[in-house]
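This report refers to the structure that appears directly beneath it.
Each chain gets a letter, A, B and so on, in the order its sequence line appears, and its residues count up from 1.
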Amino acid sequence: MRVRFAPSPTGPFHIGGARTALFNWLFARHHGGKFILRIEDTDRKRYDPDSLRLLLDGLRWLGLDWDEGPEVGGPYGPYFQSERLHLYQYWANWLVEQGHAYRCYCSEERLEALRQQQLAAKQDPGYDRHCRNLTPEERARLHQETGGQFVIRFKMPLDGETTVHDLLRGDITFDNRQLQDLVLLKSDGYPTYHLANVVDDHLMAISHILRAEEWISTAPIHKHLYDAFGWEMPQIAHLPVILNPSGKGKLSKRSVAFSEGGRKIPVLVHEFIEGGYLPEAVVNFLTNIGWSFGDDREVFTVQETIERFDLSRVNPAGGAFPIEKLDWLNGVYIREMADDELARRLLPVFEKAGYPVDLERMRRVVPLIKVRIKTLNDALDMAGFFFTPSFTPPPAEEIVQKGMDAASTKAALQAAADRLAGLPDFSAKAQEEALRALAAELGLKTGQLFGALRAATTGQQVSPPLFETMEVLGREEALKRIRRAIAQL
RNA sequence: GCCCCCAUCGUCUAGGGGACCAGGACGUGGCCCUUUCAAGGCCAAGACGGGAGUUCGAAUCUCCCUGGGGGCACCA
């Protein structure tokens, strides 16, 4: 079995594309087949040089390794369509010679005028097959007049029906009269998607096509192309589309999408990377859209997915992008990760945010924040204060707790500092014992005393547990922060 | 407008004629735990779009309607 992912480098790598790639990859890995990456760079107008890097980086980040394609080569190369132009030209001309296609000399202006006319007359827009039945004389004259500028169009059957078998949906029948004499080869010598895709899938011996639902309407077109070539069409399945979280419109339509709360949700693979998501969580998440593991399980490894993945559990219905589930799932993966591993992954995040990184300290911080973060980036807000070189205490109003004033807070912090300074050991346990006793002596609620200390030492209202935090900070640093807070009251 | 696809809790889904007064998960609400915030535990609310038909029996099969989505380029 040979499957392919064939993206077009015309923009950033989209999560919908990643899902298609993932399903193809899973299919190949499950069946012991090959996963081919082919770059369909035939649109010179929309070509975006950054997108290839984004694509390759994204695939690698997700762990979707390809057996043939860019950077790895393979026996069916080249894997960039722009390097295969001679093949498309050869096969397009072959179709012309065989009478399955023809040269069309119509100008863009004529096509545009035709379209306007059809629209005005409330007719379906489409090419009127003007050049399909030219006499050799007319053909020669037009060739002369246009200076040999032409496109090659496919001769679509004028009547009858075409049935395509979809692995997920069964037989789908189309009326041939709906089909156009579409362009196979553009006037710049580049192929259109239809030609290049069919030629390459055949030449690369692709056995199964797993592509997004939005391609369904091109299936009969491709079927006719395969028939004209006398080639066998690969087995085909159309994966359900992913809709916006609102369920309105497909996700890939715009690169900016918003959830109900108005939060901008990531839709580009690099946004997930930069957003602090874990690739294993994203893969698990994507796997659950349109496919289910069974046994009421939602969390599972890629290995388990590979073992179980097949088309029979793919749901043909499109659905909304359940982004809030990714946050939960990412949190699950973070909590299940070994502390050491998490520390290692957190380092570059802190480094990028401008904090001086320190693996030793990070190892000690991780157990305190692990259950409190959903993304790696969350750690910045939760634990940045551990790494701030010159920590500044927050303003007085953030230190003074409910039911207290500056004077009582100052006194309480001073007393706490004295107790902490006098502790034989600075363990969280020893601190807690001493400070609970102190709170009782001062007639304060634990929340009042601990809250003031929390604000003083972390600068935050929300933080990891206070005593563990101070233990990691170290007695010297903790006391320093408390004293600076006192000075500010 | 034309063609095509799809239809179970708000969302992702399980379900393949009786095992379904429909199961799981996210989210939401409540309680417990608790120095904040989480995590965790327990509990709760919450769906088969509508109508015909087939059948002893339909979430499951058929048809119609409705709704949603996709496609109609010298873009992929």
Just to confirm, is there a sub-4.0 Å distance from OP1 or OP2 of [N] to any side-chain nitrogen or oxygen of [X]?
X: R313(A); N: G15(B); result: yes
X: K370(A); N: A38(B); result: no
X: S292(A); N: C12(B); result: no
X: R297(A); N: G24(B); result: no
X: N315(A); N: A14(B); result: yes
X: K374(A); N: A39(B); result: yes
X: R115(A); N: A73(B); result: no

Just checking V151(A): base, sugar-phosphate only, or nothing, at a heavy-atom cut-off of under 4.0 Å?
base
Select base, sugar-phosphate, or nothing to describe what P191(A) touches, counting heavy atoms under 4.0 Å on all strands.
sugar-phosphate
Nearest to side-chain heavy atoms of T192(A), which nucleotide of A76(B), C12(B), C72(B):
A76(B)
Test for a donor-acceptor pair under 3.5 Å between the base of [N] and the side chain of [X], counting only N and O atoms.
X: S217(A); N: C3(B); answer: no
X: R46(A); N: C75(B); answer: yes
X: E213(A); N: G70(B); answer: no

Expressed in angstrom and rounded to an integer, what is the separation of M470(A) atom CE from U36(B) atom P?
15 Å
Using the [atom1] atoms only, state how far [M] lies from [N], rounded to an integer number of Å.
N: A22(B); M: G46(B); atom1: P; result: 10 Å
N: G51(B); M: A7(B); atom1: C1'; result: 16 Å
N: C64(B); M: G27(B); atom1: P; result: 41 Å

Given that both distances must come in under 3.5 Å, which nucleotide forms a Watson-Crick or G-U wobble pair with G57(B)?
none
To the nearest 0.5 Å, tell me how far K370(A) NZ sits from E336(A) CD.
9.0 Å
Side chain proximity check, L442(A) to L438(A), heavy atoms < 4.5 angstrom:
yes
Compute the ring centroids of Y102(A) and F154(A), then answer whether they are less than 6.0 Å apart.
no
For residues H222(A) and Y193(A), establish whether the separation of their ring centroids is below 6.0 Å.
yes
Taking NZ, NE, NH1 and NH2 as the nitrogens, is one of them in R211(A) or D201(A) under 4.0 Å from a carboxylate oxygen of the other?
no
